[in-house]
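Since the structure comes first, as structure tokens, the remarks are kept for the end.
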Amino acid sequence: MEIPKPRGTRDFLPPEMAKRRCIESRLREVAVHWGYGEIKTPTFEHIELFTLKSGEGILGEIYNFKDKGDREIALRPELTAPVVRMYVEELQKSPKPLKFFYFDNCFRYERPQKGRFREFFQFGVEIIGSIRPEAEAEVIAMAVEMLKMAGVTGDLHVGHLGIVRSLLKDILPEHQGKIMRLVDKKDEKGLEDFLDEINAPDDMRGKLFRLIGLRGINAVHEARELVGDIGAISQFDALLSLLDVYGLEYQVDLGIARGLDYYTGMVFEIYCDGLGAQNQVCGGGSYRLAQLFGGEDTPSTGYAIGFDRIMEICEVKPAAPVSIVVVSFEDTRKEAIVIAKRLRKHVVTYIDVMGRKFKDQISYANTIGASHVVVVGKNELDAGKVALKDMKTGGQELLTVEEVAGRLKE
RNA sequence: GCCUGGGUGGGGUAGCUGGUCAUCCUAUGGGACUGUGGAUCCUACGACUCGGGUUCGAAUCCCGACCCGGGCCCCA
């Protein structure tokens, strides 16, 4: 009986993998050039790592199980919490800032859709130990650069949770969370109803609605008038001017709340067309998780790119490598293996493993799109050479193996 | 979790107003062809997603499950 892959998972065939690797290496290149070091954390963690503060949203979607030692284990639904866990566990006394990047699979139990899978891949970056807008701006600029390198263009929205939250400081924390979620959804009706329900003061309500509607160049100025000259405002102001320095185009959007509850300061999201309902390809912000995991309070900033979503919309054709096929006859098969072994040091080389006849070996070379065929026959070997056949032109010439290698290097 | 469209060989399809061995194309393996590829011919391989129900009889009609696609929710 046939066993299908589990729902929401995918197999990646060679052509697809070539494309994925191509994009991955471009993102990787950006991260490395910006001075970030690659890290890898376990595929599964103790479930508390995610239940502690990731927000209600994520809880219902966690893949979890009890292991044989009766531990409650979860497949990671995201990578920020594990990175912070790793930091708290072994890197607290390292010189700051710490700059990391990762590329790994995550798991969420959700209804699969376009650009949404149960096993999906995130390419992310975290900078740990800086509270400054410089760090926030760097991270945003890097996100934009990565998307650019991947060949996708998106709309960058930047907000700051501290500003909205300052309005809500007199409201119960659990109500705050609910309000933020409604804000994020842009569900004004629901927000109004909820504010009615908890008897929110009129003054606050008015300011909240005006605040989350702020957009554009004067947004910061207007926000300052609404909530006063608080720290979050000046921090946000400083961040925006740095984004200008980086030459980024962005939209101020104080209505961004993010689904994960651990964000505390700057938040940003990048949206792209062509993905249906899943138009968010990148999201991130500043957070304070270290303390929650038993470490010292440490400000951090990071983001994650939805790698699969990028793959969905980016247009790349990885360059097909030049490849050749070594063909031989019954009486020269062993010599052909030796020659193929030598040629593989220089060029992608195939050799028949099906016991095919000479003609069919050439036919095979044709079907896989080999650029050349190296004929290893009695006649050629007697001359101490092989025949190099150009599959495009059909032309053929006698050369030594070294000459063949030299010819095919370019 | 909710709403919605769909599942026929590896890929693409016909059949789907119930009734001969389920159509065709393509791909793949082998051969015609014993030192030269894309063609042709032959041959092999290979499917009604699964389970119930209606019926003398189901790929076809009904129900359920599973899976895929689209939307909501949420998120990457």
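Proteins come first, then strands; the chains are lettered A, B, ... in the order of their sequence lines, and each starts at number 1.
- Ring-plane geometry between A/F358 and A/F329 is classed as parallel, the angle between the planes falling under 30 degrees on a 0 to 90 degree scale with a further cut at 60.
- Of the listed nucleotides (B/A32, B/U36, B/C3), B/U36 has the atom at the smallest distance from the side chain of A/Q396.
- Annotation: proximity of residues 115-124 of chain A to RNA chain B (heavy atom, distance under 4.0 Å) is found for A/G115, A/R116, A/F117, A/F120, A/Q122, numbered in ascending order.
- With hydrogens and angles disregarded, a donor-acceptor distance shorter than 3.5 Å links the side chain of A/Q235 to the backbone of A/I131.
- Residues A/N279 and A/R309 have side chains that never bring a donor and an acceptor to within less than 3.5 angstrom of each other.
- Contacts of A/K357 with the nucleic acid, taken as non-hydrogen atoms under 4.0 Å apart, involve only primed sugar atoms and P, OP1 or OP2.
- Distance A/D331 CG to B/U34 C1': 11 Å, rounded to the nearest Å.
- Among the nucleotides B/C2, B/G37, B/G35, the one closest to any side-chain atom of A/F329 is B/G35.
- Look at B/G38: it lacks any Watson-Crick or wobble partner with both distances under 3.5 angstrom.
- A/G355 comes within 4.0 angstrom of no nucleic acid atom, judged by non-hydrogen atoms across all strands.
- Rounded to whole angstrom, the span from the NZ atom of A/K389 across to the P atom of B/G37 amounts to 7 Å.
- If you measure from atom CZ of A/F307 to atom P of B/A76, you get 17 Å, rounded to the nearest angstrom.
- Within 4.0 Å of A/D308, counting heavy atoms only, lies no atom of the nucleic acid at all.
- Between A/I362 atom CD1 and B/C33 atom C1' the separation is 13 Å, expressed in whole Å.
- Comparing the same atom, P, in B/A39 and in B/G15 gives a spacing of 29 Å after rounding to whole Å.
- Both tests pass for A/R10 against the ring of A/F117: distance under 6.0 Å to the centre and angle within 45° of the axis.
- Of the nucleotides present, none pairs with B/C75 by Watson-Crick or G-U wobble criteria with both distances under 3.5 Å.
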